[in-house]
2 protein chains.
Amino acid sequence: MKISRESMVGTRKFNEEKVLDIAVDVFSRKGFIATTMLDLAEETGVQRGSLYNAYKNKNVLFLKAFSHYTNNFLTLIEGELQNSDAKKAFTQLLNTVVERLCSDKEVRGCFSTRAIMEAAQKCPDIQLCLTRFLDGLEVIMKNRLEQAIKDKQFGGNAQSTARYLVALTRGIAVIERVYNDKSRMTEVYQTALEYMPFNKVT
Amino acid sequence: MKISRESMVGTRKFNEEKVLDIAVDVFSRKGFIATTMLDLAEETGVQRGSLYNAYKNKNVLFLKAFSHYTNNFLTLIEGELQNSDAKKAFTQLLNTVVERLCSDKEVRGCFSTRAIMEAAQKCPDIQLCLTRFLDGLEVIMKNRLEQAIKDKQFGGNAQSTARYLVALTRGIAVIERVYNDKSRMTEVYQTALEYMPFNKVT
DNA sequence: GTCATCTTTGACATACTTGTCAAGGATAAT
DNA sequence: ATTATCCTTGACAAGTATGTCAAAGATGAC
């Protein structure tokens with residue numbers, strides 16, 4: 001009979017929550033390929049051997065870190081869309097995305113977009129969780145757009161617009177890498193929002 | 001006195017044009033980091049030592065390959081925008097971009113977008129040429145949009161719309177990596193075009 | 001034909017990364 | 001206190017990539 005980990009005797013010393021937070025940060029800064037287990041060991045303070053023991057390899061560790069990141073991010077996104085004015089809701093969402101991409105002390109890229117470009121095709125398991133992540137993003141935006149249509153605040157197609165917005169946010173993450181310029185990223189999403197068929201709230 | 005390379009005695013054996021074409025292909029498929037000099041040597045048929053002799057290192061070889069790619073690509077883009085109907089012109093452009101991303105026998109990514117995500121921040125020289133490339137793309141689109149405005153075919157701002165479109169094409173390249181689905185990419189650019197303030201030709 | 005000069009080739013040293021393992025350490029359960 | 005079990009630690013082996021170099025090869029200029 002299998003015993004739950006919590007009741008086992010040789011207990012893990014490190015704080016997994018912290019480790020995954022740091023892993024997300026390292027992967028965001030260095031990218032998936034360039035990040036080594038040694039990097040992760042040094043930055044988390046956990047021995048490389050312990051990481052191998054706990055996660056088997058970089059792929060698995062990445063997947064754990066990714067799911068950690070995803071949960072936080074999608075919850076955040078959903079929260080940003082709460083505004084009852086649809087255009088304001090999406091403005092706030094995109095503004096938050098841009099802020100997150102730029103606010104860090106060090107220059108770092110978008111965790112998911114970097115992973116997509118480096119690992120999606122190479123590792124089926126990673127591609128799957130990336131697909132799920134973008135699908136999740138799309139659903140959240142689609143739902144908000146459907147609400148906006150009901151509220152007569154939006155005059156487009158919810159599904160295709162959500163897909164379009166997912167792509168646009170990825171594009172903004174790419175732009176960040178090249179220009180490293182928040183105002184340019186803001187300009188991009190403002191232009192997009194301006195063109196979208198939002199209606200004034202009556 | 002410096003003698004031009006063409007008149008020198010120990011002449012290069014390999015066809016640089018071909019090598020750079022292949023290099024672009026390899027970098028597109030494997031990404032910048034994952035591509036090794038050995039990969040390039042094997043796929044081009046040129047000895048690794050010869051590549052080091054000719055290009056010093058991977059960065060330099062990449063820069064050469066990139067400029068090779070850029071010249072072709074920007075010329076192509078400009079050509080696609082020739083249609084006198086602005087909306088049709090941009091439709092054709094985006095369609096070509098999508099076709100290029102999907103048409104290859106093997107699954108490969110967008111050369112420039114992969115490089116942006118992997119190398120932009122790490123290598124100033126590579127970042128510079130990537131910046132120039134996106135700037136070039138932007139200018140070409142901006143010029144066409146200004147023409148469209150003169151022709152009363154477009155009712156937006158040329159500069160910011162061009163920037164927006166550059167970001168959008170990057171986003172489409174990211175989507176390609178995850179979903180590998182041409183119809184999704186098409187859906188994205190069609191949605192974008194539909195929302196842009198084009199006017200019917202009178 | 002000879003020479004000067006560059007290219008090609010294969011070998012080499014170095015460095016880095018991965019993944020594994022055995023020995024020792026820590027602790028919940030009894 | 002003992003035990004069973006897992007974790008930690010440092011060392012090790014194997015694989016991979018880089019960059020350099022000397023010797024050999026090729027060719028335009030003379």
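Residue numbers start from 1 in every chain, and the chains themselves are labelled A, B, ... in the order their sequence lines are given, proteins ahead of strands. The structure displayed is predicted, hence computed values, not measured ones. Only this structure's heavy atoms are used, side chains among them; waters, hydrogens and symmetry mates stay out.
- Rounded to whole Å, atom P of dA22(C) lies 14 Å from atom CG of Asn53(A).
- Note on ring orientation: taking the six-membered ring where Trp is involved, the planes of Phe198(B) and Phe90(B) are tilted (angle from 30° to 60°).
- Toward the 5′ end of DNA chain C lies the nearest nucleotide of Asp39(A), the other residue of the pair Asp39(A) and Gly49(A) mapping further downstream.
- What separates NZ of Lys13(B) from C1' of dT27(D) is a distance of 9 Å, to the nearest Å.
- Residue-level contact check: Thr36(B) touches the backbone only, with heavy atoms under 4.0 Å from sugar-phosphate atoms and none from bases.
- Note on ring orientation: taking the six-membered ring where Trp is involved, the planes of Phe73(A) and Tyr69(A) are parallel (angle under 30°, cut-offs 30° and 60°).
- Ion pairing between a basic and an acidic side chain is recognised when a charged N comes within 4.0 Å of a carboxylate O; Glu78(A) and Arg144(A) show no such pairing.
- Distance Tyr52(B) OH to dT14(C) C1': 12 Å, rounded to the nearest Å.
- Protein atom CG of Leu40(A) is 12 Å distant from nucleotide atom P of dG19(C), rounded to whole Å.
- Checking Ser50(B) against Lys58(A), the closest nucleotide of DNA chain C that is more toward the 5' end is the one next to Ser50(B).
- Note on Gln47(A): a side-chain N or O is less than 4.0 Å away from OP1 or OP2 of dG10(D).
- Classified by interplanar angle (parallel below 30°, tilted 30° to 60°, perpendicular above 60°), the ring pair Phe111(A)/Phe27(A) is tilted.
- One can place CG of Leu51(B) at 12 Å from P of dT7(C), the figure rounded to the nearest angstrom.
- For the pair Met37(A) CE and dA14(D) P, the computed distance is 21 Å after rounding to whole Å.
- Within 3.5 Å, no donor on the side chain of Arg48(B) pairs with an acceptor on the base of dG10(C), nor the reverse.
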